Amino acid sequence: TSTGRRFTADVAVAPRVRLGGIEIENVAFLVAPDDVLDGSQFVVPGILGFPVLDALGEVEFRRNGVMHIPARVPEYQVHNLALRFLMPVVQIEVLNEQVICDLDTGATHSALFLRFYERMKTRIHDSGRPDTVRLAGVAGERLVPAWVLDNVTLTLGETSARLYNMPAYTVTVDSTIERGSDCRLGLDVLRGFNGYIVNLRSMTLLPIAGASDRRLVNEPN
């Protein structure tokens with residue numbers, strides 16, 4: 001899991017899964033112990049992963065909580081997504097560096113991984129502060145040492161978001177997840193826009209900006 005826990009799971013196939021008026025057949029599920037999906041901050045009955053998203057072709061996640069799935073999957077000229085195994089990755093700019101981030105729509109917070117920290121250590125120390133951050137996910141929580149950037153701009157194509165309290169991990173959290181990526185792009189950035197589109201036919205991540213192209217997200221009180 002994202003918190004480093006390992007567990008044994010069974011495999012099952014659901015003959016049909018319904019999402020609104022859409023029916024998907026033969027969906028594989030991992031059947032995990034209940035406590036794996038029972039965190040201290042939230043409880044979820046299950047997780048829909050990449051195979052379902054791939055079958056849909058495109059999903060638009062709107063800021064009001066609505067998930068819109070088009071009847072016909074459109075094509076885009078922007079191709080900023082790729083796949084590493086079944087993990088979508090996207091190119092963004094942070095600290096004026098082009099980096100590859102895991103696109104994790106199930107992660108509450110974005111983060112910079114150890115390999116980015118080691119490469120950019122001087123700049124991170126100049127603009128950040130040492131701290132210990134709480135990493136929460138399915139299967140519980142763990143504390144991770146990090147340097148925290150209080151004000152950092154992330155640029156995705158022509159759209160930017162300013163993120164407060166973005167950690168740069170100083171240890172490896174999960175070697176499998178972090179292999180080949182510099183960071184994780186989570187919901188704290190994505191929710192700063194009016195919505196975002198994930199299209200796996202054109203391989204496009206398209207933020208939907210509001211009145212301004214620059215959104216402020218995760219702003220401190």
Side-chain angles (χ1 to χ4, degrees), residues 2 48-50 53-54 56-70 72-84 86-113 115-117 119-120 123-124 127-128 133 146-169 177-178 180-221:
S2 60
L48 293 179
F50 174 81
L53 181 62
D54 183 49
L56 297 173
E58 175 179 301
V59 178
E60 178 184 339
F61 299 92
R62 297 177 179 173
R63 199 177 189 187
N64 60 3
V66 172
M67 185 172 68
H68 174 73
I69 301 167
R72 300 183 65 178
V73 180
E75 295 184 3
Y76 299 97
Q77 297 303 312
V78 176
H79 311 291
N80 57 356
L81 273 181
L83 292 177
R84 190 178 70 248
L86 294 183
M87 170 63 75
V89 296
V90 61
Q91 186 176 42
I92 69 171
E93 182 179 299
V94 56
L95 297 183
N96 298 318
E97 291 285 322
Q98 293 290 330
V99 297
I100 299 298
C101 277
D102 292 344
L103 175 62
D104 191 345
T105 59
T108 305
H109 293 91
S110 302
L112 300 167
F113 292 155
R115 76 178 211 160
F116 182 87
Y117 168 77
R119 192 169 72 246
M120 304 291 291
R123 294 184 60 184
I124 290 174
S127 56
V133 298
W147 276 73
V148 177
L149 300 172
D150 292 320
N151 188 338
V152 60
T153 298
L154 286 74
T155 302
L156 176 60
E158 297 181 353
T159 307
S160 297
R162 184 175 299 159
L163 190 64
Y164 297 89
N165 301 320
M166 185 176 190
Y169 300 146
I177 294 175
E178 297 178 23
S181 295
D182 291 296
C183 51
R184 177 181 66 240
L185 188 65
L187 290 175
D188 49 355
V189 171
L190 297 174
R191 284 175 176 166
F193 304 106
N194 281 344
Y196 59 97
I197 294 170
V198 178
N199 184 298
L200 293 173
R201 298 295 178 266
S202 300
M203 297 307 292
T204 302
L205 174 64
L206 184 64
I208 303 172
S212 171
D213 284 340
R214 188 175 296 275
R215 310 286 301 181
L216 299 184
V217 296
N218 196 23
E219 190 166 3
N221 295 328

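Residues take their numbers from the sequence shown, with the count starting at 1. Everything quoted here is computed from the prediction, not taken from an experiment.
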Residue list, salt bridge (charged side-chain N to carboxylate O under 4.0 Å, His left out) with [X], at least two apart or on another chain:
X: E60; value: R62
X: R84; value: D102
X: R115; value: D182

[X] side-chain N/O to [Y] backbone N/O, donor-acceptor pair under 3.5 Å:
X: N194; Y: I208; answer: no
X: R63; Y: R191; answer: yes
X: R123; Y: L95; answer: yes
X: T155; Y: S160; answer: no

Taking it one step at a time, do R201 and D54 satisfy side chain to side chain contact (heavy atoms under 4.5 Å, CB included)? CA-CA 8 Å; R201 298 295 178 266; D54 183 49; 3.6 Å; yes
Over all atoms of both residues, closest heavy-atom pair of [X] and [Y]:
X: S181; Y: F113; value: O-CD1, 3.6 Å
X: S202; Y: P74; value: OG-O, 4.0 Å
X: P167; Y: S110; value: CD-O, 3.5 Å

Here the side-chain hydrogen bond (donor to acceptor under 3.5 Å, both in side chains) pairs for residues 87-101, sequence neighbours left out, are E93-Q98
[atom1] of [X] to [atom2] of [Y]: how many Å apart, nearest 0.5 Å?
X: L190; Y: L185; atom1: CG; atom2: CG; result: 5.0 Å
X: D104; Y: L187; atom1: CG; atom2: CG; result: 8.0 Å
X: T105; Y: F50; atom1: OG1; atom2: CZ; result: 11.5 Å
X: L154; Y: D188; atom1: CG; atom2: CG; result: 9.0 Å
X: I92; Y: T159; atom1: CD1; atom2: OG1; result: 12.5 Å
X: T204; Y: N199; atom1: OG1; atom2: CG; result: 5.0 Å

Among residues at least two apart in sequence or on other chains, which ones pass side-chain contact (heavy atoms from CB on, under 4.5 Å) with L56?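 L19, I22, I24, V52, V59, I69.
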Please enumerate all residues that pass ring-ring contact (aromatic ring centres under 6.0 Å, His included) together with F61, with sequence neighbours excluded.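 Counting only residues at least two positions away or on another chain, F61 forms a ring-ring contact (aromatic ring centres under 6.0 Å, His included) with Y196.
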Is L200 close to V73 at the side-chain level, that is, under 4.5 Å between some pair of heavy atoms?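 No, side chains not in contact.
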For the residue pair W147 and M120, establish whether any side-chain heavy-atom pair is separated by less than 4.5 Å. no
Would you please test N165 and D150 for side chain to side chain contact (heavy atoms under 4.5 Å, CB included) and show each step? CA-CA 5 Å; N165 301 320; D150 292 320; 3.5 Å; yes
Worked check of side chain to side chain contact (heavy atoms under 4.5 Å, CB included) between L149 and I124: CA-CA 7 Å; L149 300 172; I124 290 174; 4.2 Å; yes
